[in-house]
Q: 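After the structure tokens below, expect a handful of questions from me.
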Amino acid sequence: MITRQLNFKVLQAKPRSNSLKSFHSLEHGHHMFDQIPHPNAASTNRSMLDCLRKNLPFQALDIFKRHLQLGFVDNVDHVTVALAIKACHGDPKPGCQIHGFAVSSGHVSYITVSNSLMNMYCKSGQFAKALCIFENLIDPDIVSWNTVLSGFQKSEDALSFALRMNLNGVVFDPVSYTTILAFCSDDEGFLFGLQLHSLAMKFGFDCEVFVGNALISMYSRCRQLVEAQRVFDEMPNRDLVSWNAILSGYTQERDHGLEAVFTFIEMVREGMKLDHVSFTSAVSACGQERNLELGKQMHGLIMKTGYGRHVSVCNVLMSLYSKCEVVEDAKLVFQIMNDRNVVSWTTIISVNEEDAVSLFNEMRLDGVYPNDVTFIGLIHAISIQTLVKEGQMIHGFCIKTSFLSEPNVCNSLITMYAKFEAMQDSLKIFEELNYREIISWNALISGYGQNGLSQEALRTFLSAIMESKPNEYTFGSVLSAIGAAEDISLKQGQRCHSYLIKLRLDTDPIVSGALLDMYAKRGNICESQKVFCEMPERTQFSWTAIISAYARHGDYDSVIKFFKEMEREGVRPDSITFLSVLTVCGRKGMVDVGRQLFDSMVKEYQIEPSAEHYSCMVDMLGRAGRLEEAEDLVSQIPGQPGLSVLQSLLGACKIHGNMEMGERIADALMEMEPTESGSYVLMSNLYAEKGHWEKVAKIRKGMRERGVKKEIGFSWVDTSVVRGSLCLYKFSSGDMSHPQTEEIFRMAECIGLEMKFLRERKREGESICKITSYKIDR
DNA sequence: AACTGCCTAA
């Protein structure tokens with residue numbers, strides 16, 4: 001980082017005669033080059049100026065062109081040329097023509113004409129031309145310097161130019177201060193801004209409203225709101241812009257929405273006349289605060305003051321209503337708008353996902369061209385509705401309009417195809433990316449994970465870390481893939497963990513939640529516990545993760561302990577938390593506790609029970625033999641009871657040998673899912689236990705006829721240490737395909753023997769705390 | 001007659 005240091009000596013020097021003085025007394029200083037004006041030139045200038053004042057630049061330009069076409073070159077002086085350049089309004093086409101005329105007529109030697117030209121080129125985005133004119137000026141004045149200064153794109157370059165002004169002995173005028181301050185935004189800019197502030201104070205320029213406003217804005221951008229407020233408070237006169245500047249300062253800073261709201265209220269109290277800038281900031285603050293009531297009041301004020309159809313104001317109002325989940329009101333705002341821009345359409349597409357595609361078409365008919373954000377919203381809407389055809393069409397549209405070079409659009413498409421279960425297409429888009437940033441890698445990894453392709457997810461992760469720096473989302477996705485996979489060695493998870501510690505990401509809330517979950521799913525609850533203990537802050541998410549982890553291991557006491565602790569710390573449980581707690585109650589047979597918790601979930605926490613909650617409750621009641629109660633609960637489920645609920649109930653019938661209820665449930669299940677093997681197997685086992693062999697045979701026959709196959713169960717053995725592969729070895733019973741089958745069988749026998757031995761010792765009252773790890777000898 | 005300030009939303 002370069003530390004920019006202003007030369008105070010130069011800046012404190014006496015202002016040159018043509019800078020400050022002329023700024024303050026425009027009407028006196030500038031006529032020394034004027035020739036005695038041609039009487040017609042004066043009238044031309046007057047009428048052009050008139051048009052410009054009425055905001056009719058095209059008419060002003062027409063007057064100028066007509067004069068030239070009719071050969072009234074004498075009607076034109078350097079003031080006319082300057083006015084004509086101004087009338088171009090940043091349009092370089094007529095601008096270049098007038099530039100040519102100014103050169104051939106010699107008017108370009110007037111500094112005002114050159115300054116106007118430079119300004120025109122800056123406004124039209126042809127900064128290089130402006131700079132070229134500047135470098136050829138023999139005697140640039142302060143306006144020339146300021147004009148070039150205002151044209152820079154990068155603040156880095158602008159600040160360097162300000163230093164060059166300083167070195168050349170140019171004394172800043174108020175316009176210079178305002179212009180430079182607008183470029184001070186980062187840490188380095190802040191240091192520069194501080195120096196400018198003290199200088200401005202020395203010269204008394206900080207009393208100028210413009211400079212004060214620029215200072216407020218600079219401090220706001222540099223997140224120094226206390227300073228911004230101080231400048232505001234100490235200003236001798238404030239205008240609307242000053243108020244808007246401090247208002248937007250609070251709006252942009254996170255967690256300062258309330259201050260923004262107070263500022264707005266003060267503005268109203270002081271009787272300030274509000275404009276669209278005030279309203280956009282104030283409504284945005286309401287949105288951040290999710291304060292719908294105040295937002296509605298502001299909307300009323302907006303209607304009253306006549307800004308009810310202003311594009312930007314309407315756009316933020318839509319955003320406010322969508323954030324506060326009153327989508328209908330957002331739609332109403334959209335309907336009353338006269339002019340809708342890209343942002344308006346993109347907002348309504350994102351808010352109104354069901355109609356996203358037709359809204360997109362309407363937008364095209366309205367003549368509004370989409371941008372990358374539009375596509376991100378549209379593709380998201382298409383993804384969550386799984387509209388495959390539309391998705392492909394939008395993909396085609398993006399290819400045709402070269403939006404595929406927008407990285408964010410590509411990332412959305414990768415996610416979309418992953419949702420469509422078309423990972424080849426996701427991969428294709430990924431491979432055609434110009435630049436693979438970590439977000440794209442993340443989209444691919446999480447896509448593989450969500451499609452159950454855990455090994456691919458892991459392989460992609462390993463490639464990703466070779467060329468990009470992974471972030472918390474990368475680890476979140478890969479850890480969830482490893483957690484879900486039975487055939488990936490836990491060593492891969494441990495590798496991720498070590499890498500996380502190295503990157504100091506292991507305490508991030510997203511990552512540690514995923515880590516905890518991964519260990520729990522892969523059977524290492526001790527590690528889960530450790531991760532939980534090391535979390536710096538415990539959110540609802542982390543509490544739920546540790547509770548599910550213990551629930552997965554059937555540890556009733558720990559689950560209840562953590563659940564109570566969570567409630568004690570005032571963290572609200574969610575539907576997943578309850579699911580874990582209820583599951584473990586069922587396993588332990590704590591039916592009454594479970595019932596009580598279920599009721600408190602519905603009544604106290606107003607959580608709508610899902611199909612999983614119901615099947616969990618049914619399972620719990622069923623296991624305890626309270627079959628009638630369970631069936632009663634099934635009948636209370638709104639809509640049709642799902643597959644899993646009925647399967648739980650059937651399982652309970654099997655356990656307690658209730659054939660009559662079992663038959664009823666099994667019939668319903670076989671009708672719902674004729675190819676699902678579970679219900680057939682359960683029912684046939686139930687008949688078998690009761691000795692109804694002819695019914696068993698009938699079910700088996702039915703299974704064969706309908707083509708129901710029982711899924712094969714697999715086990716895994718970790719040979720990754722030996723073979724150096726990523727994955728575990730999968731085998732089923734009687735499987736002899738592994739090259740080390742013999743050793744594996746021998747080892748299995750040993751494990752069996754040791755288990756038997758330990759069981760006997762336990763019966764004798766010894767506690768077992770040692771788990772032996774086995775290695776296969778080669 | 002030339003140069004400067006507040007803007008938010010997807």
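In what follows, chains carry the letters A, B, and so on, assigned in the order in which the sequence lines appear, proteins first and then strands, with residues in each chain numbered from 1.
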Q: Distance check needed: B:dA2 P versus A:His99 NE2, whole Å only.
A: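 In whole Å, B:dA2 P and A:His99 NE2 are 18 Å from each other.
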
Q: Taking the six-membered ring for Trp, are A:His276 and A:His310 parallel (under 30°), tilted (30 to 60°) or perpendicular (over 60°)?
A: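 Plane angle under 30°, so parallel.
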
Q: With a 4.0 Å cut-off on heavy atoms, is A:Ser116 in touch with a base, just the backbone sugar-phosphate, or nothing at all?
A: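 The answer is sugar-phosphate, as A:Ser116 gets under 4.0 Å only of primed atoms, P, OP1 or OP2.
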
Q: Among B:dA1, B:dA9, B:dC3, find the nucleotide with the atom closest to the side chain of A:Val143.
A: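 For A:Val143, the side-chain atoms sit closest to B:dC3.
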
Q: I want to check one thing: is the phosphate of B:dA10, taken as OP1 and OP2, less than 4.0 Å away from some side-chain N or O of A:Arg340?
A: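 Checking B:dA10 against A:Arg340, no side-chain N or O comes under 4.0 Å of OP1 or OP2.
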
Q: Please report, rounded to the nearest Å, how far the P atom of B:dA2 is from the CG atom of A:Asn45.
A: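 My rounded result for the distance is 12 Å.
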
Q: Any side-chain N or O of A:Ser284 less than 4.0 Å from the OP1 or OP2 oxygen of B:dA9?
A: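 Answer is yes, contact under 4.0 Å.
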
Q: Any side-chain donor-acceptor pair under 3.5 Å between A:Arg221 and A:Ser217?
A: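 A:Ser217 and A:Arg221 do have a side-chain donor-acceptor pair below 3.5 Å.
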
Q: Take atom CG of A:Asn213 and atom P of B:dC7, then tell me their distance rounded to the nearest Å.
A: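 So the CG-P distance, A:Asn213 to B:dC7, works out to 11 Å.
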
Q: Quick one: is A:Lys86 getting a side-chain N or O under 4.0 Å of the B:dA1 phosphate, OP1 or OP2?
A: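 For A:Lys86, the contact criterion (side-chain N or O under 4.0 Å from OP1 or OP2 of B:dA1) is not met.
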
Q: To the nearest Å, give me how far apart CH2 (A:Trp243) and P (B:dC6) are.
A: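 Distance check: A:Trp243 CH2 to B:dC6 P gives 18 Å.
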
Q: The side chain of A:Ser350 is closest to which nucleotide in this list: B:dA10, B:dC6, B:dT4?
A: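 Given the options B:dA10, B:dC6, B:dT4, the side chain of A:Ser350 is closest to B:dA10.
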
Q: Identify whether any heavy atom of A:Thr347 sits under 4.0 Å from a base atom; if not, whether one sits that close to sugar-phosphate; answer base, sugar-phosphate or nothing.
A: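 Sugar-phosphate, backbone atoms only, no base.
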
Q: Using a heavy-atom cut-off of under 4.0 Å over every strand shown, decide if A:Asn371 touches base, sugar-phosphate, or nothing.
A: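 If one applies the 4.0 Å heavy-atom cut-off, A:Asn371 turns out to touch a base.
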
Q: Counting only side-chain heavy atoms from C-beta out, which of B:dA2, B:dT8, B:dC6 sits nearest to A:Asn244?
A: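 Closest nucleotide among those given: B:dC6.
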
Q: With no hydrogens and no angle check, do the side chains of A:Asp157 and A:Ser160 hold a donor and an acceptor under 3.5 Å apart?
A: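 No pair is found: no donor N or O on one side chain lies under 3.5 Å from an acceptor on the other.
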
Q: So, A:Thr112 versus A:Asn115: side-chain donor-acceptor pair below 3.5 Å or not?
A: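 Checked: A:Thr112/A:Asn115 side chains show no N/O donor-acceptor pair below 3.5 Å.
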
Q: Measure NE2/A:His276 against C1'/B:dG5 and give the value in whole Å, please.
A: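 Whole-Å distance recorded here is 13 Å.
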
Q: Counting any heavy atom closer than 4.0 Å, what does A:Val373 reach on the DNA or RNA strands: base, sugar-phosphate only, or nothing?
A: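 Contact class for A:Val373: base.
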
Q: Distance check: side-chain N/O of A:Gln288 vs OP1/OP2 of B:dT8, anything under 4.0 Å?
A: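 Looking at the OP1 and OP2 atoms of B:dT8, neither is under 4.0 Å from any side-chain N or O of A:Gln288.
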
Q: A:Arg238: what forms a side-chain contact (heavy atoms from CB on, under 4.5 Å) with it, not counting sequence neighbours?
A: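 Result, side-chain contact (heavy atoms from CB on, under 4.5 Å) vs A:Arg238: A:Phe232, A:Met235, A:Ser242, A:Trp243.
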
Q: Figure out the CG/P separation between A:Asn119 and B:dA2, and round it to whole Å.
A: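 To the nearest whole Å, that distance equals 9 Å.
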
Q: Taking only the side-chain nitrogens and oxygens of A:Asn115, find out if one of them lies under 4.0 Å from OP1 or OP2 of B:dC3.
A: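 Result: no.
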
Q: How is A:Thr147 classified with respect to the nucleic acid when contacts are heavy atoms under 4.0 Å: base, sugar-phosphate, or nothing?
A: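 Contact class for A:Thr147: sugar-phosphate only.
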
Q: What does A:Asp275 touch in the nucleic acid at a heavy-atom separation under 4.0 angstrom: a base, only the sugar-phosphate, or nothing?
A: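 If one applies the 4.0 Å heavy-atom cut-off, A:Asp275 turns out to touch nothing in the nucleic acid.
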
Q: Just to confirm, is there a sub-4.0 Å distance from OP1 or OP2 of B:dA9 to any side-chain nitrogen or oxygen of A:Thr280?
A: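 No.
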
Q: Between the side chains of A:Ser344 and A:Asn341, does any donor sit under 3.5 Å from an acceptor?
A: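 Judged by distance alone, the side chains do pair up.
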
Q: For a quick test of reading the model: is some side-chain N or O of A:Ser319 closer than 4.0 Å to OP1 or OP2 of B:dA10?
A: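 For B:dA10, OP1/OP2 do have a side-chain N/O of A:Ser319 under 4.0 Å.
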
Q: So what does A:Leu317 hit on the nucleic acid, given a heavy-atom distance under 4.0 Å: a base, only sugar-phosphate, or nothing?
A: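 Answer is nothing: A:Leu317 stays at 4.0 Å or more from every strand.
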
Q: Using whole Å, report how far CG of A:Leu196 lies from P of B:dG5.
A: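 Computing the A:Leu196:CG to B:dG5:P distance gives 15 Å.
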
Q: From CD1 of A:Ile216 over to P of B:dC7, roughly how many Å is that when rounded to an integer?
A: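 It works out to 11 Å between those atoms.
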
